[in-house]
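Naming: A, B, ... by sequence-line order, numbering from 1 per chain.
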There are 2 protein chains.
Amino acid sequence: MNSPDDLHQRPIVSVDLAIFALAPDGLEVLLAQRGAEPFAGSWALPGGWIHVDEDRDLEAAAQRVLRDKTGVAAPYFEQVGVFGDAARDPRGWSLSVTYMALIAKEAVTLMHGGNATGAAWHPIGSDTATIPLAFDHAAILKAAVTRLRNKVEYTTLPVHLLPEAFTLSELQAVYERLLGRLLDKSAFRKRIAEVDFIEPIAGEMRRASNRPAQLYRLKQARSTVFFDRTI
Amino acid sequence: MNSPDDLHQRPIVSVDLAIFALAPDGLEVLLAQRGAEPFAGSWALPGGWIHVDEDRDLEAAAQRVLRDKTGVAAPYFEQVGVFGDAARDPRGWSLSVTYMALIAKEAVTLMHGGNATGAAWHPIGSDTATIPLAFDHAAILKAAVTRLRNKVEYTTLPVHLLPEAFTLSELQAVYERLLGRLLDKSAFRKRIAEVDFIEPIAGEMRRASNRPAQLYRLKQARSTVFFDRTI
DNA sequence: ATACTTAGTGTAAAGTTTCAACTAACTTAG
DNA sequence: CTAAGTTAGTTGAAACTTTACACTAAGTAT
């Protein structure tokens with residue numbers, strides 16, 4: 001037991017992604033249709049193997065998978081966890097290292113190739129995808145959705161589902177759609193102001209047939225900020 | 001890239017544990033002294049390989065490692081994350097799946113054997129251990145400590161550092177030591193009462209040379225509970 | 001010019017937190 | 001037997017926050 005030199009003792013390791021975006025009807029996840037066994041034809045979280053001689057670390061492997069599927073380079077990115085047991089993959093004891101990414105849907109161009117015959121956006125129900133998924137991906141996706149929904153309550157994370165420039169009303173609408181309840185406008189703006197993570201873009205306004213709204217952008221070098229209280 | 005059938009493409013996977021307990025002087029972590037290369041003689045987080053034909057899943061592997069080191073069976077248990085890159089282990093591209101466990105120090109009997117020549121409790125400084133650790137274990141431990149300290153603010157997690165029966169004053173003292181600040185007694189008791197996760201043990205009191213205090217225990221089937229507001 | 005719409009601010013009432021003092025129940029010293 | 005000491009557990013007034021809602025602002029459309 002000094003070292004796992006018997007390679008058959010090593011589990012199989014994949015890196016899988018729950019890539020979320022917001023559509024008019026609610027949260028969606030990017031799924032890939034599997035081209036090969038096992039689960040050929042089924043929908044699954046996009047993923048891949050670690051390329052031992054190409055990937056510097058786990059996050060680099062996940063970024064590579066993301067780039068290959070979406071053409072997107074650097075969105076919000078967070079490790080959800082590892083899921084591993086003897087039964088989840090018929091090929092043997094396996095691990096899935098799962099990351100979630102948040103992106104603005106407009107920023108994505110769907111890619112094809114690899115194991116997958118196609119990739120498409122699918123709605124999230126109350127919990128997980130509305131269609132059956134390969135492996136234990138339904139449970140994994142559920143964990144990612146739960147993590148995302150929890151973090152909406154006390155972090156600035158939802159801002160990553162918007163494009164670079166956005167108004168405060170748009171940001172509030174994102175929180176409201178993810179939380180499934182309406183928020184008070186003045187309380188919302190107070191919270192956002194307190195944590196100081198966005199800044200007005202001087203002179204830029206969103207125009208419509210009503211009072212124009214100030215556009216904001218993320219402050220540079222600000223990762224996700226936690227509220228003192230819930231939103 | 002259909003399957004990692006070239007076994008050399010598979011990373012090495014270990015399961016490592018940050019086992020925390022509370023000593024009079026503050027938080028401590030259980031470390032094992034390595035008996036074999038690499039890092040022979042250095043202190044490290046206790047860990048082991050996944051036993052593909054023995055462990056049902058990742059958590060079972062982690063529980064096995066815990067049992068082998070401490071003789072403790074079922075304390076609080078939570079996955080911290082996976083840490084993986086090409087350089088952390090000289091034997092090759094490797095992953096550490098890390099769990100943290102919280103236990104009452106009295107419940108533990110230290111075990112010996114395996115890779116490790118000994119196991120001992122070590123104090124946690126502001127961040128991580130006060131001595132250098134093998135591999136990237138200092139960074140991993142830091143992540144676990146940060147996670148624990150954050151959760152103290154808004155969960156009932158610290159209760160797992162106490163023995164089965166405890167008084168409210170003892171519970172408050174645990175929070176205070178982990179947070180590094182004093183809490184108001186009435187506010188603390190209000191929070192604890194709100195989330196309803198402990199119950200008085202009928203007729204059992206902690207006696208000293210002053211007013212006796214009611215003893216409490218965790219309510220059955222209650223995992224970690226989140227406060228509505230911070231503690 | 002007036003109506004309509006959404007942006008952004010202000011405020012009174014309700015609710016929470018904080019701080020500190022108070023009462024309660026025991027042991028120990030005299 | 002009583003008084004002092006100690007920690008358990010409760011109470012309440014003042015300070016602060018949140019909530020609900022109304023108000024003002026700035027544009028377009030008619």
Side-chain angles (χ1 to χ4, degrees), chain A residues 24 152-156 158-159 162-177 179-217 225-231, chain B residues 24 152-156 158-159 162-177 179-217 225-231:
Chain A
V152 172
E153 284 282 357
Y154 57 90
T155 73
T156 60
V159 76
L162 285 171
E164 255 188 71
F166 52 86
T167 69
L168 290 179
S169 297
E170 288 163 0
L171 183 58
Q172 182 174 344
V174 172
Y175 274 88
E176 289 175 339
R177 268 192 290 164
L179 291 169
R181 63 186 154 90
L182 296 177
L183 299 175
D184 180 76
K185 186 162 49 161
S186 66
F188 179 79
R189 282 164 188 242
K190 189 166 166 251
R191 280 275 185 282
I192 297 296
E194 272 166 14
V195 296
D196 182 41
F197 76 115
I198 58 176
E199 59 191 0
I201 310 175
E204 298 243 350
M205 307 296 267
R206 172 90 73 231
R207 321 199 127 265
S209 70
N210 51 33
R211 176 169 174 176
Q214 179 65 55
L215 284 168
Y216 288 81
R217 68 160 89 89
V225 180
F226 290 70
F227 299 123
D228 266 18
R229 303 276 190 248
T230 54
I231 192 79
Chain B
V152 172
E153 284 282 357
Y154 57 89
T155 73
T156 60
V159 77
L162 286 171
E164 254 188 71
F166 53 87
T167 68
L168 290 180
S169 298
E170 288 163 358
L171 183 58
Q172 183 174 343
V174 173
Y175 274 88
E176 289 175 341
R177 266 192 292 164
L179 292 169
R181 63 186 155 89
L182 297 176
L183 299 175
D184 179 76
K185 186 162 51 161
S186 66
F188 179 80
R189 283 163 188 243
K190 188 165 168 253
R191 280 276 186 282
I192 297 297
E194 273 166 12
V195 296
D196 182 42
F197 76 115
I198 58 176
E199 59 190 1
I201 310 174
E204 298 244 350
M205 309 297 265
R206 171 91 72 232
R207 322 198 126 267
S209 70
N210 50 33
R211 178 171 173 173
Q214 179 65 54
L215 284 169
Y216 289 81
R217 69 160 88 88
V225 180
F226 290 70
F227 300 124
D228 265 19
R229 303 273 191 250
T230 54
I231 193 81

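Extent of DNA chain D lying under 4.0 Å from chain B heavy atoms, first and last nucleotide in 5' to 3' order, is D:dG5 to D:dT11.
Listed by chain and residue number, nothing satisfies the ring pair (Phe, Tyr, Trp, His ring centres under 6.0 Å) test with A:Phe227 (two or more places apart in sequence, or in another chain). Take A:Glu153 and apply the side chain to side chain contact (heavy atoms under 4.5 Å, CB included) test, not counting sequence neighbours, and it matches A:Leu179, A:Arg181, A:Thr230, A:Ile231.
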Exercise for the section: Assign a letter to each nucleotide of nucleotides 6-18 of chain C from its 5' end: B, base within under 4.0 Å of a protein heavy atom; S, sugar-phosphate only; -, no contact. Expected result: BBBBB------S-
Side-chain polar contacts of residues 168-175 of chain B - donor-acceptor pairs under 3.5 angstrom, sequence neighbours left out - could you list them?
{"unit_1": "B:Glu170", "atom_1": "OE1", "unit_2": "B:Thr167", "atom_2": "N", "d": "3.0"}
{"unit_1": "B:Glu170", "atom_1": "OE1", "unit_2": "B:Arg206", "atom_2": "NH2", "d": "3.0"}
{"unit_1": "B:Glu170", "atom_1": "OE2", "unit_2": "B:Arg206", "atom_2": "NE", "d": "2.8"}
{"unit_1": "B:Glu170", "atom_1": "OE2", "unit_2": "B:Arg206", "atom_2": "NH2", "d": "3.0"}
{"unit_1": "B:Gln172", "atom_1": "NE2", "unit_2": "B:Glu176", "atom_2": "OE2", "d": "3.1"}
{"unit_1": "B:Gln172", "atom_1": "NE2", "unit_2": "B:Leu183", "atom_2": "O", "d": "2.9"}
{"unit_1": "B:Tyr175", "atom_1": "OH", "unit_2": "B:Thr155", "atom_2": "O", "d": "2.7"}

In a table with atom names and distances, give each donor-acceptor pair under 3.5 Å that connects a side chain of residues 207-216 of chain A to protein atoms at least two apart or in another chain.
{"unit_1": "A:Gln214", "atom_1": "NE2", "unit_2": "A:Ile201", "atom_2": "O", "d": "2.9"}
{"unit_1": "A:Gln214", "atom_1": "NE2", "unit_2": "A:Glu204", "atom_2": "O", "d": "3.2"}

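Applying the 6.0 Å contact sphere to CD of B:Glu194 captures more than 12 heavy atoms from other residues, nucleotides or ligands. In A:Glu164, the CD atom is not crowded: 12 or fewer heavy atoms of neighbouring residues, nucleotides or ligands sit closer than 6.0 Å.
The shortest distance between side-chain heavy atoms of B:Val195 and B:Phe226 does not fall below 4.5 Å.
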